[in-house]
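Numbers here are sequence positions counted from 1.
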Amino acid sequence: MKRSNDLLIRSVTKVAVVIIFTFAINLFVSGHHYPGGGFIGGLTFASALILLFLTFDIESVRKNIPVDFKVLAAVGVLIAVLTGVGGMVLNQPFLTQAFNYFELPIFGKTELATAVIFDIGVALAVIGTAITIIMSIGDDR
């Protein structure tokens, strides 16, 4: 049974999710030099997905986002661990960061660091874990 406010809730959710995704990317990107990073960016990203689950049904969102979130979490942990082990391969302590500056066509002189790769792993692990938990709670009915 459709409720009269479904159209309003769905329309506002679509706009809010885009704003939340943008904010999550901002938190992730700024995390290398300012507060933020993979963990909080991943949680924010997961909160936007959870908002979609609450507004639309889980099956509709699963159809449109066909990602196995358990695999996503495992890949994220693997990326994070391998980034940490990378320093040990070069006879450095675990999680040693390496960085350099590169000239990129649009951005100009840009710093690229291994900490960003680690943050990508953390973000994927957090998104995968949070969504897996929410989906398992939603399936228990």
CD1 of I20 to OG1 of T13, rounded to nearest 0.5 Å, is 8.5 Å
- prompt: Quick one: do I40 and L72 end up in the same hydrophobic cluster if we chain Ile, Leu, Val, Met, Phe, Trp and Tyr together by side-chain heavy atoms under 4.5 Å apart?
  reply: no
Query raised in the report: Any side-chain heavy-atom pair from F28 and D119 closer than 4.5 angstrom?
Result: yes
**Asked** Below 4.5 Å, heavy atoms only, C-beta onward: do V122 and F39 meet side chain to side chain?
**Response** yes
The reported gap from CZ in R62 to CZ in F53 (rounded to nearest 0.5 angstrom) is 7.0 Å
Practice item. State yes or no: do I133 and L43 share one hydrophobic cluster built from I, L, V, M, F, W and Y residues joined by side-chain heavy-atom distances below 4.5 Å, directly or via other members? Key: no
Taking every heavy atom of S47 against every heavy atom of T44, the minimum-distance pair comes out as OG-O, 2.6 Å
For the CZ atom on F99, are there more than 12 heavy atoms of other groups (residues, nucleotides or ligands in this structure) within a distance under 6.0 Å? no
One should read off an interatomic distance between I134 CD1 and I50 CD1, to the nearest 0.5 angstrom, of 4.0 Å
Check: So, T114 side chain and A98 main chain: donor-acceptor pair closer than 3.5 Å or not?
Finding: yes
Query raised in the report: What do you reckon, is CG of N100 surrounded by more than 12 foreign heavy atoms closer than 6.0 Å?
Result: yes
* Does the side chain of Y101 reach to within under 4.5 Å of the side chain of T110, using non-hydrogen atoms? -> no
**Prompt:** Going only through I, L, V, M, F, W and Y residues with side-chain contacts under 4.5 Å, is there a path from V67 to L51?
**Reply:** yes
Discussion item. Please say yes or no: joined through hydrophobic side-chain contacts below 4.5 Å, possibly via intermediate residues, are L78 and V126 part of one cluster?
Written reply: no
Is it true that M88 and V77 fall in one hydrophobic cluster, defined by side-chain heavy atoms closer than 4.5 Å? yes
(message) So for atom CZ, which belongs to F107, do other residues, nucleotides or ligands contribute more than 12 heavy atoms lying within a distance under 6.0 Å?
(response) no
task: Check for a donor-acceptor pair, side chain of S60 on one end and backbone N or O of F56 on the other, with a separation under 3.5 Å.
output: no
All heavy atoms of A130 vs all of A46, minimum pair found to be CB-CB, 3.9 Å
On a heavy-atom basis, the closest approach of L49 and F21 is CD2-CZ, 4.0 Å
To the nearest 0.5 Å, atom CG of L104 lies from atom NZ of K109 at 12.0 Å
inquiry  = Using modelled atom types and a 3.5 Å cut-off, is there a donor and acceptor pairing between side-chain atoms of S11 and backbone atoms of I9?
reply    = no
Side chain to side chain contact (heavy atoms under 4.5 Å, CB included) with V29: of L27, N26, I25, only one passes, and it is I25
Closest non-hydrogen contact found for G42 with I127 is O-CG1, 3.4 Å
Output for pair (T129 OG1, L124 CG), nearest 0.5 Å, gives 10.5 Å
Value for CG (L52) from CD1 (I58), rounded to nearest 0.5 Å, stands at 11.5 Å
Quick one: do L95 and F118 satisfy side chain to side chain contact (heavy atoms under 4.5 Å, CB included)? Show the steps, please.
CA-CA 9 Å; L95 284 177; F118 177 77; 3.8 Å; yes
